[in-house]
Amino acid sequence: MNLKIDIGGVKFKNPVWTASGTFGHGEVFEEFFDINKLGAIVTKTITLREREGNQSPRVVETPSGMLNAIGLENTGVAGFVSDTVPFLNKLKTKIVISVAGSTEKELEECVIELLKNYIPDAIELNLSCPNVQHKGAKARLFSQDADTVKNIVKKIKKRAKNKCLIISKITPNVTDIAEIAKAAEKGGSDAVSLVNTYLGMKIDINKKKPFLGNIQGGLSGPAIKPMAVRAVWEVRKNVTIPIIGMGGIMTGDDAVEFILAGANAVQVGTANFVDPTATEKVITGIEAYMKRQKIKTITALQGKAH
Amino acid sequence: MKTKKYISTGIIKKNIEVSPDLFVMEIEESKISINARPGQFVNVKLREKGYDPLLRIPLGVHGLTKKGFSLMYKVVGEGTRILSSKKPKEAIDVLGPIGNGFEVQEKTKNAHAVVVAGGCGFPPLAFLAKELKKKKIRTTFLMGASGEEHIRCSLPLSGKGTDLYIATDDGSIGEKGTSVDLLKNILKKEDKEETVIYSCGPEKMLESISSVAKKHKIKAQVSVEEYMACGIGACKGCAIKTKNGIKLVCKDGPVFMADELY
């Protein structure tokens, strides 16, 4: 059975990646399974400067899912380079660094600073975190505006000078996500990853106040899977670049849905909180499906439901 | 001190309502119980299949049993209600032991442990009290609660080497007042040099204990809680502000020095 995939010329041993923000950098998962089995590790988003993150409570459960408003807490690109890069260099799987910025300039500077010190296999541009404010932008989130996405991607592609893949992670909090994906493609993005979380809230009826310290947060988990599969389906119809699909994947069968909808790879996020070995189980689940269906290579399934 | 964490499937031996809405569950398993220390907690999966609820719930380890460990929990919401409906012989998926746990003081000549429990903070301190007894450290256990549920459970702790004092809001059992009132009284008559305070309970209580400890120049360890998702230090959901920057309750805690927080 062949689970190998190719995205923009970079080969991944299988299509199962971790979703940014749900796996740290991998260190805390090492005691549960061999994280080198993963197709790729997508790290927690870094920003140019250190960020404290949002006020607590930052997480709360909702039906078949959860809301998070972490707020991109991270030690900044300098802290990342000194504290985390040595660990990443020891790993034997593909590394994707998630990068964000509250302004386009900050995002660009973060990418430049990162690449001065470390070349990952890919950079995932977090154009879609709902828990930060994008200042001076046309829309609240960069990927809520097509022109903004096209221009940012163009700039970053230029800066990256083909040292690594550029993946655009886009938000589903838009009217037409395919339009946004097309803009990323026009800007030269090597791939698009979707969906980031859906805006949501929970109100504590005893305290009569919003639950989260940041009031609003991003919804993830099984509750969003139908919407995420549909988003991947729409984007597949409209772009030719590879898609990394995510949104409530808990099992190998869930991952297969996304692949059939058009994803080349998948990311597993919230599932890691329920079972630290979830990603490993998704890989073996995909293999079990392929065995049942007598399918030899994973690429044979890509977009097959269309 | 870091402990290796396990995802362990245990068997429920007992799940008994010891007081209205207060349950003790004994779980037979061998990986977590071998390494668990007082102040550490476990993340319990509520459903074997399905996604409602989705996330695990964190519960402090209440004690060790012959072949496993015990949890004590109050039914306060959907998660604990589901837990209370589980029957003996059922399997249960538990992740742990999580967190740093209390740093139990050395057995010096005049070592004195003052354990202050408020309501739902009782379970991990019960575990601690048994550990202190094993190390033969003189213990004063202060139990404060608004109702009798936890109070009844604290009674077995008193005995040789452990003095138990109780306080209730209305004075129906023990003194009228809070565990902080008990603490202030105890410290008045004690030589504080080799005294350490250990506490778990509502945030306001921990803040008050911190100021009492500061006043008497005693070190206090407090176990705090925060809404969390992963429990293993990956998601940064349980972050709290401390005097030494942002820390995670699951990874850097749940036990902190009181003067680091308040």
Side-chain angles (χ1 to χ4, degrees), chain A residues 18-33 43-45 50-75 202 204 206 211-213 217 220-223 225 248 250-251 269-278, chain B residues 2-9 31 35 43-58 76-80 82 93-99 203 224-242 244-253 261:
Chain A
T18 59
S20 177
T22 69
F23 207 72
H25 308 114
E27 290 134 314
V28 297
F29 285 83
E30 282 194 301
E31 64 179 328
F32 297 104
F33 73 105
T43 58
K44 167 79 183 169
T45 302
E50 193 175 350
R51 286 181 61 97
E52 245 188 21
N54 289 333
Q55 198 187 8
S56 61
R58 292 179 172 183
V59 292
V60 67
E61 184 163 350
T62 54
S64 296
M66 58 172 282
L67 289 167
N68 93 76
I70 309 293
L72 296 188
E73 180 198 320
N74 76 100
T75 52
K202 181 174 172 165
D204 184 335
N206 293 316
F211 223 103
L212 297 171
S220 67
K225 197 183 79 166
M250 305 291 290
T251 64
T270 303
N272 295 309
F273 303 159
V274 183
D275 177 358
T277 66
Chain B
K2 260 198 167 168
T3 323
K4 182 164 157 66
K5 290 186 280 294
Y6 296 90
I7 304 168
S8 177
T9 303
K31 291 188 255 179
N35 297 292
N43 239 1
V44 185
K45 196 152 187 253
L46 294 168
R47 294 271 186 235
E48 201 199 322
K49 280 187 171 41
Y51 305 132
D52 262 310
L54 177 68
L55 301 178
R56 294 171 181 260
I57 54 169
V76 292
E78 188 58 16
T80 39
I82 292 168
D93 181 328
V94 193
L95 200 170
I98 303 175
E203 177 148 30
V224 302
E225 61 175 12
E226 184 53 77
Y227 286 95
M228 56 179 62
C230 74
I232 60 175
C235 71
K236 300 195 193 285
C238 62
I240 56 168
K241 269 203 169 120
T242 75
N244 297 319
I246 304 274
K247 297 249 169 116
L248 299 179
V249 170
C250 70
K251 193 163 173 236
D252 307 306
L261 300 181

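Throughout, a chain's letter reflects where its sequence line sits, starting with A, and its residues are numbered from 1.
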Asks: So A/Gln55 and B/Lys241, do their side chains get closer than 4.5 Å, heavy atoms only?
Replies: no
Asks: Where the side chain of B/Lys4 meets the backbone of A/Glu31, is there a donor-acceptor pair that is under 3.5 Å apart?
Replies: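 Yes; judged by distance alone, with no hydrogens or angles, the pair exists.
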Asks: Under 4.5 Å heavy-atom distance to chain B, tell me which part of A/Val28 shows up: side chain, backbone, both or neither.
Replies: both
Asks: Taking A/Pro276, A/Gly26, A/Ser64 one by one, which has the highest count of heavy-atom pairs under 4.5 Å against chain B?
Replies: A/Ser64
Asks: Is there a side-chain contact between B/Leu54 and A/Met250, using heavy atoms and a 4.5 Å cut-off?
Replies: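 Counting from C-beta outward, B/Leu54 and A/Met250 do come under 4.5 Å.
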Asks: Quick one, B/Tyr51 and A/Thr270 - any side-chain contact, counting heavy atoms below 4.5 Å?
Replies: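 No, their side chains stay 4.5 Å or more apart.
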Asks: Checking heavy atoms, do the side chain of A/Thr75, its backbone, both or neither come under 4.5 Å from chain B?
Replies: neither
Asks: Would you indicate whether B/Glu226, at its atom CD, is surrounded by more than 12 heavy atoms from other residues, nucleotides or ligands within a distance under 6.0 Å?
Replies: yes
Asks: Tell me if the centroids of the rings in B/Tyr227 and A/Phe211 come within less than 6.0 Å of each other.
Replies: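 B/Tyr227 vs A/Phe211: aromatic centres under 6.0 Å.
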Asks: Would the number of heavy atoms belonging to other residues, nucleotides or ligands and lying under 6.0 Å from CD of A/Glu27 be above 12?
Replies: yes
Asks: Which region of A/Phe23, side chain (C-beta onward) or backbone (N, CA, C, O), has a non-hydrogen atom less than 4.5 Å from a non-hydrogen atom of chain B, or is it both or neither?
Replies: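 Contact with chain B involves the backbone of A/Phe23 alone.
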Asks: So which heavy atom on A/Ser56 is nearest to which on B/Ala239, and how close?
Replies: CB-O, 4.0 Å
Asks: State, yes or no, whether a side-chain contact exists between A/Asn272 and B/Cys230 at a heavy-atom distance under 4.5 Å.
Replies: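 They are not in side-chain contact.
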Asks: Any donor and acceptor pair, going by atom type alone, linking the side chain of B/Asp52 with main-chain N or O of A/Pro63 inside 3.5 Å?
Replies: no
Asks: Write down the atom of A/Met66, the atom of B/Ala229, and the distance for their closest heavy-atom approach.
Replies: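 That would be CE-CB, 3.9 Å.
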Asks: Kindly indicate whether the side chain of A/Phe32, heavy atoms from C-beta on, has any atom under 4.5 Å from the side chain of B/Ile232.
Replies: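 Sidechains of B/Ile232 and A/Phe32: in contact.
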Asks: Compare every heavy atom of A/Arg58 with every heavy atom of B/Gly237, then report the nearest pair and how far apart it is.
Replies: O-CB, 3.4 Å
Asks: Checking B/Leu55 against chain A: side chain, backbone, both or neither under 4.5 Å from a heavy atom?
Replies: both
Asks: Is the shortest side-chain heavy-atom distance between B/Cys235 and A/Thr22 below 4.5 Å?
Replies: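 They are not in contact (no side-chain heavy atoms under 4.5 Å apart), so the answer is no.
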Asks: At a heavy-atom separation under 4.5 Å, does B/Lys45 approach chain A through its side chain, its backbone, both, or neither?
Replies: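 Only the side chain of B/Lys45 comes within 4.5 Å of chain A.
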